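As structure tokens, the structure follows; a few thoughts come after it.
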Amino acid sequence: MKWLPTLARLALLALLVAFVASPGWFEPLLKPLTENNAPAIYNQGNLLKLTLLHLRTVAIATLGAIVVAVGLAILVTRPFGAEFLSLSRSLVNIGQTFPPVAVLALAVPAVGFGEKPTLIALFLYGLLPIFENALTGLTTLPANVVEAARGAGMTPAQRLMKVELPLALPVILAGVRLSVVISLATATIGSTVAAKTLGEVIIAGLLSNNLAFVLQGGLIVAAIAVLIHDGFLALERMAARRTGCER
């Protein structure tokens with residue numbers, strides 16, 4: 001029965017692809033949720049295009065957060081950067097201190113409407129889990145392995161790239177997984193400042209009291225979040241097996 005979870009994920013992926021590519025097939029299922037002969041399928045934009053734009057926004061913000069958060073974690077775990085730990089923690093906590101809506105409100109006057117303020121909000125919101133996991137991964141390495149690498153004559157840069165980061169990778173990926181899942185949901189509010197995300201579908205449903213719109217926007221985001229979450233879990237297990245030190 002070990003194949004059942006995999007089969008369920010494949011079925012979910014197939015349903016997701018079918019829905020965003022040909023949503024009209026599912027109209028009979030959603031029609032009972034509408035009133036006054038309102039459309040059951042979002043008709044103010046292309047669902048596939050909105051889904052891809054939503055994913056692009058999350059991917060760009062997450063990549064930026066990974067570069068900054070992992071870079072800071074590496075810095076503060078080096079002898080010359082240890083004194084910046086408190087400052088780094090304060091910086092990555094900024095995104096969690098302010099709600100994303102507040103960040104959007106502050107960013108719009110500076111960068112205008114559209115994708116840019118959404119990227120700023122998602123970037124700031126995604127820093128903390130990646131930083132904390134990278135910090136944990138780099139500070140809980142097996143001491144005997146690090147010492148063996150030092151004894152083998154590796155330079156600090158070689159130890160970092162060939163020993164420390166590979167060993168810490170499963171923990172870092174767990175932080176990235178958490179950040180991505182949070183960003184997938186949070187990105188929907190980007191549509192309040194004219195960003196092209198799946199939040200556009202949900203907002204249109206709320207404004208027109210169309211439950212079908214709200215449901216399809218929310219279910220697409222939820223399905224993507226589940227699939228990406230499971231994908232990252234598989235990557236974490238793979239990385240742990242390759243390093244031979246499952247945590």
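Excluded from the calculations below are hydrogen atoms, water molecules and symmetry mates; all remaining heavy atoms, backbone and side chain alike, are included. For the single chain, residues carry numbers from 1 onward in sequence order. Not measured: the values here are computed from a predicted model.
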Exercise for the section: Look at atom CG of Asn36 and say whether more than 12 heavy atoms of other residues, nucleotides or ligands are closer to it than 6.0 Å. Expected result: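 Count not over threshold, so no.
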Taking the side chain as everything from C-beta on, heavy atoms only, tell me whether [X] gets closer than 4.5 Å to [Y].
X	Y	answer
Tyr42	Leu50	yes
Thr155	Gln158	yes
Ile228	Leu55	yes
Val221	His54	yes

Rounded to the nearest 0.5 Å, what's the gap from [atom1] on [X] to [atom2] on [Y]? Could you check?
X	Y	atom1	atom2	value
Leu72	Ile130	CG	CD1	11.5 Å
Leu33	Asn210	CG	CG	8.5 Å
Gln216	Leu29	CD	CG	11.5 Å
Phe80	Glu83	CZ	CD	10.5 Å

Non-hydrogen atoms of [X] and [Y] that approach each other most closely:
X	Y	answer
Ala239	Leu173	CB-CD1, 4.3 Å
Ala223	Leu12	CB-CD1, 3.9 Å
Gly175	Asn133	N-ND2, 3.2 Å

I'd like to know if the side chain of [X] and the backbone of [Y] have a donor-acceptor N/O pair within less than 3.5 Å.
X	Y	value
Lys31	Ala38	yes
His229	Val181	no
Thr77	Ile74	yes

Problem - Ser191 versus Thr197, side-chain donor and acceptor atoms under 3.5 Å - result: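 Thr197 vs Ser191: donor-acceptor pair found between side chains.
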Problem - Ion pair Glu236/Arg177, N-O distance below 4.0 Å - result: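 Here Glu236 pairs with Arg177 in a salt bridge, since their nearest N and O are under 4.0 Å apart.
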Problem - Salt bridge present between Glu164 and Arg78 (N-O < 4.0 angstrom) - result: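 Between Arg78 and Glu164 there is a salt bridge, with a charged N closer than 4.0 Å to a carboxylate O.
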Practice task
List, by chain and number, the other hydrophobic cluster members for Leu63, where Ile, Leu, Val, Met, Phe, Trp and Tyr join if side-chain heavy atoms come within less than 4.5 Å, directly or indirectly.
Solution key: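 Reading the cluster by chain and number, Leu63 sits alone, since nothing else belongs.
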Problem - Hydrophobic cluster partners of Ile60 (side-chain heavy atoms under 4.5 Å) - result: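 Its cluster mates, by chain and number, are Leu119.
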